[in-house]
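Read the structure below first, then the notes.
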Amino acid sequence: MKNYDHKKIEKKWQSTWEDQALYKVEDKVEGKDNFYQLVEFTYPSGNLHVGHWYAFAVPDIFARYKRMQGYNVLYPMGFDAFGLPAENAAIKLGADPKVWTHTQMDTMRAQLRSMGASFDWDREVVSCEPEYYKWTQWLFNQFLKNDLVYRDITKVNWCPKDQTILANEQVVDGKCERCGEEVEQRNQEQWMIRITKYADRLIDDLDGLAWPDEIKAAQRNWIGRTEGSEIDFKIKDTSESIKVFTTRADTIYGVTYVVLAPEHDLIKSLESKIENIKDVEKYINDTKKKSELDRKQSKEKTGVEVKGLKAINPINNEEVSIWIADYVLSGYGTGAVMAVPAHDERDYEFAKKYNLEIKRVIEPVFFSSDSPLKKDLPIISRNCVCAIIRNPKDGKYLCSVWRDILMHGLITGGIEEGEDMVEGALREIYEETGYKNLKLVNNPEVAIHSFFFHRKKEINREAKFNYLFFDLINEEQDPISEEEAAIHDVVWKTRDELNNFFSVIEGEFVLLLIDNNGQYMFTGEGILTNSKDFNGLNSEEAREKITKAVGGKIVKTYRLRDWGISRQRYWGCPIPIVYDPEGKVHPVPDEHLPWILPTDVDHTPDGTSPLARSKELFDRTEKIFGKGWKPEVETMDTFVDSSWYFYRYLDNKNKDEFASKERMKAWMPIDLYMGGAEHTTMHLLYSRFWVKAMYDLKLVSDDEAYKVRRNRGLILGPDGNKMSKSKGNVINPDEIVDLLGADTVRMYLAFMGPYGLTVNYPWDPNGVVGVRRFLERVWRFKDKLSEGTTTSLIHKAIKKISEDMEEYKFNTSISQMMILLNEWDKQESIAKDEYKLLLKLLAPFAPHMTEELWSLIGEKESIHLQAWPKWDKDKIVDNTLKLVIQVNGKVRTEISVESDKGEEDIKKEALANEVIIPWIKDKEVKRVIYVKGRLINIVV
RNA sequence: GCCGGAGUGGCGGAAUUGGUAUACGCGCGCGACUCAAAAUCGCGUCUCGCAAGGGAUGAGAGUUCAAGUCUCUCCUCCGGCACCA
């Protein structure tokens, strides 16, 4: 019979489906629930690579599966068509960006069709079309009216090569994300969007989203919310004060100086009082010259003291010096910090360089070995970090103690006969460090609670800890004897008991915590006082109390900045703003939208916007608004275009609204959004903001658009590296499709591993052939059909495959079909009904081939309109069970029993089994465990 | 440094969620068909051992009748953030 000719089959069905409008989606279908599955619309780069296949063809498998399950599935596609590459092509090739973009889109549409994806092309959205950007502009104006858009002078990232402003997100390691050129800082007026107003909601609402943790965590990091305190440090003999931001108000006793960022305003206003104003100004100017990159890269801390001024520590009225240093950033917090060198690594570095005082905080906080001072400690070996032992006489740190003391003791067998594990550890401390001036304290009372705070780890509340407490003895005293150093006291306490076990003694200590398995948990050092003020407080509570005591306030600060959307570029959505002769801002009224992008421009970049050279745009503005009126000549960041495109798919031809309420009600929120991990902190965050803003303006009825989001990884070259021309490891999908067919490529991509994880898979040229072999075997079965009924084999497969599909584990779905086929191969023939079931299971993966086979066996209606198979529960049940018999957890043999056999009988049979008898004879059977349908374990 | 994710054969990866570790595919080896090759089919393929059996899921410990899976201490790799106070 006929061979599997993928070329013929795929071409044939693609055009048939199109003729029949098989994938046309109605907004409502009687008896079906709607399912909106979205993938990120694509940039029209003009050539489909393997990444596109992975992004669109694999989700298509899921869309088809959902459709067969009886959902009315919307799976649309469109083009994110504005952006730099079109404009660069215009500059390079002298082409019209619009024409260039359309050519690219035509190529891509043809390639996308070759995937056999079930897109409804009638709903296509193209962001550079006036019908689309009219609504981008309309939304911009809505935001403007509601104070979500403003114009401001800000420091912007400027790419000298692309001659444009970049968003923070587009700067990677101080370089332009696109061209790799080093980014410069410029002050420029531009249009800003108040995304920071939504920072809290963008973080807090993540909790309610069924998204993977990795995505949520990345967004939280990106927004970077920190809770801390703002505290005023008055400047002596002036009316001014310095507002500092700190997350460690509890260390305020340790402040030895205050630092301002070089950009800080205060310097100007106090100029006259600064004795060394020349030096100060020189330092500020020198810093300005340094680029952002230089500033970050320079390891050495620099700064200058502001002489003639002193700040006053509000907790104890101590006078401290004021410094300017560029390790303090103007854009974060208040641009000023209180320096606590004993408890902050950066302050410590700075203090050391300029010989500033390093003062320990005397309060009952238990300091973990995170202390920056540990840097000074001798590291004895690779496996050794330290508990800190300090000489109280001069405050110098004497030595470190084995961090892994107990582990070490165990591993090296360091414990001698008759010696307690802990004793052994202690002896090793002496031997390894040579310091003998340690004494174990009897029944110490310490602020151990902070231990838990510093660990930031939830530790099993029931776990018991054995603590050892070493007191530090002044060297002038007699070293204690070995006998004395033996363990006096081992107390077991639960975490809750430890938390309550708080009162304060004076002294210095080293602490080891050992869990109830004798395992080492923690080592730390600290200073204790009898300060009553913070008795019983943990660090967090201490912070609050101190902040209050000095008249400060608890504030939140964010890493996220407002979103600058102005671009000095041609190929983008024109910002619908005009200026009257006085220079006042006016939005272009709705009736003049879309505010068309003019075509009479020279694209050559010179740092100004190409639109400034459009006569048509200026004429149009004057004609509509009057003489002297001028148009805005900037265009929008393309992330604005992509922030709302998923609404437009629903109603792409609507002339009166961006989408009708009914259509949005029918489809939103999106059930599943699959996309690239690279968009986690950009498009995904911007669009979440956009949707929330639209929600607040009552334009949409959900404040989150994506119910489920899955990120995908990359397809790597066969060598395991990212595909790149320079590496010569690029796989061209068109060639493989030509050779093996679209069905094979789709299916291979699904077979590589689970979908929807940020995991990269290398393309294996042999692996893809394996999938093709499988399809050919399915093909050949069409000649081995017979009458008959379905068996348990296929029903088990249906169950397993259906379950795996729900979790996007297409790889195991496929392997299940392969297992099925391997079984079939052992048979002379298979029932036609079974074959039909397999074809249906395979249809989402290999839509063309299954459609062809479906029609070859005489079916008239498309296989893609068939219902997903259901498994027959009764047929899955086996009447014999295979049970494993274990002895002491080791598998010894296997038996078959009737499935209705009772537990006692099964146990009896197992004990009487001839393979088992030698294993259990002469021994007492202590227990027999039966796990239903799985195994019997005999414990002897 | 902080926050996420992950470590299982030569490779991509499975493992009914604590119950027969290594499914399925690739690769490799042997064989069949063939004058030959390709394709196809069959058998084998974690490791030590002739075998009986033993040992392996990054390392070490713990809980359990039973651990890839749970707990703890580490190590390594990938991703995000980072002079962010």
Side-chain angles (χ1 to χ4, degrees), chain A residues 212-224 226 228 244-248 251 259 295-296 298-299 301 325-329 331-334 336-340 343-347 349-350 370 383 404 406-407 410-411 456 459-460 463 515-522 557-559 677 680-681 711 713 720 748 751-754 757-771 773-774 776-777 780 799-800 803 809 811-812 814-819 822 825 882-891 894 926-929 931-940:
Chain A
D213 285 340
E214 72 203 49
I215 302 178
K216 294 189 193 182
Q219 290 209 349
R220 283 193 198 102
N221 277 347
W222 185 265
I223 297 167
T226 313
V244 304
F245 176 76
T246 179
T247 56
R248 289 296 306 275
T251 63
V259 197
R295 252 172 96 162
K296 275 183 185 164
S298 64
K299 284 165 207 123
K301 291 219 171 357
D326 65 1
Y327 79 91
V328 173
L329 308 175
Y332 187 79
T334 58
V337 302
M338 58 180 220
V340 188
H343 302 282
D344 183 280
E345 215 166 302
R346 295 151 303 186
D347 296 341
E349 242 177 76
F350 191 79
D370 296 343
N383 295 322
D404 291 288
L406 298 174
M407 298 272 276
L410 291 169
I411 297 161
K456 287 184 192 158
I459 291 167
N460 184 1
D515 75 7
N516 55 355
N517 295 322
Q519 285 201 36
Y520 157 83
M521 299 280 303
F522 181 72
T557 177
Y558 305 88
R559 203 197 74 97
T680 301
T681 54
N711 278 357
Y748 173 61
F751 187 56
M752 289 195 294
L757 304 173
T758 315
V759 175
N760 304 332
Y761 302 114
W763 178 277
D764 178 357
N766 290 314
V768 70
V769 173
V771 171
R773 276 204 277 266
F774 167 74
E776 281 176 4
R777 285 170 68 201
R780 273 184 256 129
K799 180 168 189 279
K800 170 83 171 128
E803 285 164 0
K809 286 155 86 173
N811 57 330
T812 48
I814 294 168
S815 82
Q816 195 58 42
M817 289 188 251
M818 290 171 168
I819 292 168
N822 289 346
D825 259 338
K882 244 200 229 166
L883 294 177
V884 160
I885 309 180
Q886 300 181 334
V887 178
N888 287 339
K890 287 219 160 79
V891 179
E894 207 178 86
K926 289 183 193 133
R927 269 173 88 180
V928 181
I929 292 142
V931 182
K932 206 167 172 243
R934 304 224 60 88
L935 56 79
I936 302 134
N937 189 13
I938 302 165
V939 186
V940 291

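Numbers restart at 1 for each chain; the letters A, B, ... are given by sequence-line order, proteins then strands.
Applying the 3.5 Å distance criterion, the base of rC65(B) shares no donor-acceptor pair with the side chain of Lys926(A). Interface remark: the Asn221(A) side chain does not form any donor-acceptor pair with the rC81(B) base, using a distance-only criterion of under 3.5 Å.
Of the P atoms belonging to rG58(B) and rU69(B), the separation is 8 Å, rounded to the nearest Å. Comparing rU73(B) with rC78(B), their C1' atoms sit 23 Å apart, to the nearest whole Å.
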Check nucleotides 51-54 of chain B against the protein and report each pair of N or O atoms closer than 3.5 Å, with its distance, or say if there are none.
{"residue": "rG54(B)", "atom": "OP1", "partner": "Arg892(A)", "partner atom": "NH2", "Å": "3.1"}
{"residue": "rG54(B)", "atom": "OP2", "partner": "Arg892(A)", "partner atom": "NH1", "Å": "2.9"}

Pairs: protein N or O with nucleotides 6-11 of chain B N or O, under 3.5 Å:
none

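Residue Tyr327(A) places none of its side-chain N or O atoms closer than 4.0 Å to OP1 or OP2 of rA85(B). In terms of phosphate contacts, Thr226(A) brings a side-chain nitrogen or oxygen within less than 4.0 Å of OP1 or OP2 of rA85(B). Arg559(A) has a side-chain polar atom (N or O) that falls below the 4.0 Å cut-off from OP1 or OP2 of rA82(B). Distances shown here put every side-chain N or O of Arg777(A) at or beyond 4.0 Å from the OP1 or OP2 atom of rU40(B). Between Asn811(A) and the phosphate of rG25(B), there is no side-chain N or O to OP1/OP2 separation shorter than 4.0 Å. For Lys809(A), no side-chain nitrogen or oxygen approaches OP1 or OP2 of rC24(B) to under 4.0 Å.
By the 6.0 Å and 45° rule, Lys301(A) stacks over the aromatic ring of Tyr327(A).
Base contact: Glu894(A) has a heavy atom under 4.0 Å from a base atom.
Residues satisfying the side-chain contact (heavy atoms from CB on, under 4.5 Å) criterion with Leu757(A), sequence neighbours excluded, are Pro754(A), Val759(A).
Of the listed nucleotides (rC26(B), rC65(B), rG13(B)), rC26(B) has the atom at the smallest distance from the side chain of Asn766(A).
Side chains of Thr680(A) and Gln219(A): a donor-acceptor N/O pair is absent below 3.5 angstrom, by distance only. A donor and an acceptor atom, one from each side chain of Thr226(A) and Tyr332(A), are located under 3.5 Å apart.
Each of Val891(A) and Arg927(A) was assigned the nucleotide of RNA chain B with the nearest heavy atom; the assignment lying further toward the 5' end belongs to Val891(A). For Glu214(A) and Gly770(A), each mapped to the nucleotide of RNA chain B holding its nearest heavy atom, the one lying further toward the 5' end belongs to Glu214(A).
Nucleotide rG9(B) carries a syn base; the chi torsion (O4'-C1'-N9-C4 or O4'-C1'-N1-C2) is within 90° of 0. An anti base is found at rU69(B): its glycosidic angle is more than 90° from 0.
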